[in-house]
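What follows is a set of notes on a single structure, which appears directly below.
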Amino acid sequence: MRIASKLPGVGTTIFTVMSRLAAESGAVNLGQGFPDFDPPAELRELVARHMAGGHNQYAPMAGLPALAAAIAARFRHCHGLAVDAEREITVTAGGTEALFAAIHAVVRAGDEVVLLDPSYDSYGPAAELAGARVLRVPLAPPGFGIDFERLAAVLGPRTRLLVVNTPHNPTGAVVSAADWERIARLLEPTPALVLSDEVYECLVYDGQRHASVLACERLRERAFAVFSFGKVYHATGWKVGYCLAAPALTAEFRKVHQFLTFAVSTPMQHALADFMQQAPEFADGLAPFFQARRDHFAALLAGSRFTLPRSAGTYFQLADYSAISELPDVQFCEQLARRHGVAAIPLSPFCAEPPPVRLVRFCYAKQDGTLALAAERLRRI
Ligand code: PMP
Ligand code: GLN
């Protein structure tokens with residue numbers, strides 16, 4: 001039977017495509033963003049202990065109170081701000097569910113949703129499934145900051161949601177507190193809300209600090225902020241994340257969440273709650289840990305023909321390949337995996353119009369041996 005697709009433009013995600021290609025071709029996989037090392041041993045032991053201890057049935061819909069309390073404590077520690085654990089925090093099946101639930105909680109058919117390209121691949125389809133008209137504003141290369149003039153030009157009475165990602169995947173760019181103020185000024189005359197994807201919040205480098213949308217007073221009541229434990233605890237396969245938003249938005253968010261997943265894995269939530277309480281320093285140590293990996297990877301590629309723009313955050317490094325090839329980025333990534341044995345992620349699948357640059361993304365959340373092998377192959381090109 002022929003099915004009239006609700007998402008005719010959507011195929012398999014570029015992450016799956018590139019991971020498959022890496023497996024087929026024996027390439028070192030610096031494509032899909034996941035660490036090739038484990039979560040801390042104590043955290044894994046806590047999961048086992050909670051499973052053995054009988055924490056195996058449904059968790060509360062909004063999340064385990066102990067985990068919500070740990071999240072609130074961490075937010076206070078990082079930002080000096082109070083969040084109401086009961087009314088403002090919802091634990092979700094990863095950042096992905098939180099993004100989808102937030103979009104579906106507030107976007108109606110015919111509303112406009114504004115994305116900043118390159119934009120993470122789930123935003124557009126989630127908005128389209130809600131019946132939205134998606135408008136895309138390119139971030140401005142080479143630094144991929146927000147082009148406020150172009151953003152202002154698309155905002156209007158029909159704008160329901162602006163989606164922002166900071167630190168930004170794939171470019172590593174970060175939004176500053178001053179940027180949030182400018183966004184707040186632009187949104188003030190509109191009914192628009194903000195969805196801020198902050199899954200890489202802990203990965204901000206060179207002494208900078210993550211600026212959460214929720215720290216911007218004027219956006220506090222208008223914003224959802226989305227986080228992921230996958231990035232913080234090297235556990236992307238656990239799919240646990242959360243959404244912080246003012247009580248009125250959280251109430252709407254939970255109406256979707258309760259029918260999308262209802263509740264999230266109970267032993268994982270117990271383990272995360274315990275670990276956050278026992279080892280609060282782990283998350284604080286992530287930025288120095290990944291900054292060192294970023295610098296190590298850059299040093300390994302110093303003799304190559306790739307040029308590496310500075311990455312301010314995330315565990316991704318862009319690489320300019322214009323000295324090597326004139327191929328468009330998707331074909332270049334195919335060639336890179338098949339011929340040179342390294343998988344990367346092209347930028348154009350995240351953009352309505354490919355950016356006027358030749359860049360690919362490498363994930364450096366990898367062990368020394370993996371980075372060394374990849375770099376050796378990349379230096380030979
Ligand atoms: N947003 C961004 C920018 C991401 O890179 C990712 C995945 N790495 C997600 C959301 C999804 O997070 P999760 O894996 O927790 O669903
Ligand atoms: N967020 C990960 C990345 O950017 C991929 C997640 C996925 O494969 N859906 O690489």
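All residue numbers refer to positions in the sequence shown, counting from 1. First listed ligand is number 1; within each ligand, the first listed atom is number 1.
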- Kindly assign one of parallel, tilted or perpendicular to the pair Phe275 and Phe282, based on the angle between their ring planes and the thresholds 30° and 60°. perpendicular

- Message: Among all protein heavy atoms in this structure, tell me which lies nearest to atom 4 (O) of ligand 2, with the distance rounded to 0.1 Å.
- Response: Asn169 ND2, 2.8 Å

- Task: Find all atoms of ligand 1 within a distance of less than 4.0 Å from any non-hydrogen atom belonging to Asn165, and give their numbers and elements.
- Result: 3 (C)

- Ring centre gap for His234 and Phe290 strictly below 6.0 Å: yes

- For atom 11 (C) of ligand 1, the closest protein heavy atom turns out to be Thr96 OG1, 3.3 Å

- Has ligand 2 got any nitrogen or oxygen that is less than 3.5 angstrom from a nitrogen or oxygen of Gly33? yes

- Message: Do Ile146 and Ile183 have side chains that approach each other closer than 4.5 Å (heavy atoms only, starting at C-beta)?
- Response: yes

- Counting heavy atoms under 4.0 Å, the part of Tyr200 that contacts ligand 1 is side chain

- Message: Taking distance alone, with N or O pairs closer than 3.5 Å, would you say Thr13 contacts ligand 2?
- Response: no

- Task: Could you list the atoms of ligand 1 found under 4.0 angstrom from a heavy atom of Gly94?
- Result: 15 (O), 16 (O)

- Query: Among Val240, Asp121, Thr236, Asp197, whose heavy atom sits nearest atom 1 (N) of ligand 1?
  - Reply: Asp197

- Task: Measure centre to centre between the rings of Phe316 and Tyr364, then say whether the value is under 6.0 Å.
- Result: no

- Message: Give me the nearest non-hydrogen protein atom to atom 8 (O) of ligand 2 as residue plus atom name, then the distance to 0.1 Å.
- Response: Gln32 NE2, 2.7 Å

- Message: Show me which atoms of ligand 1 lie under 4.0 Å from any heavy atom of Gly95.
- Response: 12 (O), 13 (P), 15 (O), 16 (O)

- Message: Measuring centre to centre across the rings, with the benzene-like ring taken for any Trp, is Phe37 within less than 6.0 Å of Phe289?
- Response: yes

- Message: Does only the side chain of Arg361 get under 4.0 Å from ligand 2, or the backbone, or both, or neither? Count heavy atoms.
- Response: side chain

- Query: According to the interplanar angle, ranging from 0 to 90°, do the rings of His79 and Phe75 count as parallel (below 30°), tilted (30 to 60°) or perpendicular (above 60°)?
  - Reply: tilted

- Can His340 and Gln335 be counted as having a side-chain donor-acceptor contact under 3.5 angstrom? no

- Message: If the cut-off is 4.0 Å to any non-hydrogen atom of Lys239, which atoms of ligand 1 fall inside it?
- Response: 13 (P), 14 (O), 16 (O)

- Task: Compare Tyr120, Phe15, Phe34 and give the one whose heavy atom is closest to atom 1 (N) of ligand 2.
- Result: Tyr120

- Centroid-centroid under 6.0 Å between Tyr242 and Phe227 rings: yes

- Message: Do His270 and Thr266 pair up side chain to side chain, a donor and an acceptor below 3.5 Å, judged on atom types alone?
- Response: no

- Message: Checking Ser311 against Arg294: is there a side-chain donor and acceptor pair closer than 3.5 Å?
- Response: no

- Report, in ascending order of atom number, the atoms of ligand 1 lying under 4.0 Å from any heavy atom of Ser228. 13 (P), 15 (O)

- Protein residue, atom and distance nearest to atom 7 (C) of ligand 1, heavy-atom basis: Lys231 NZ, 3.0 Å

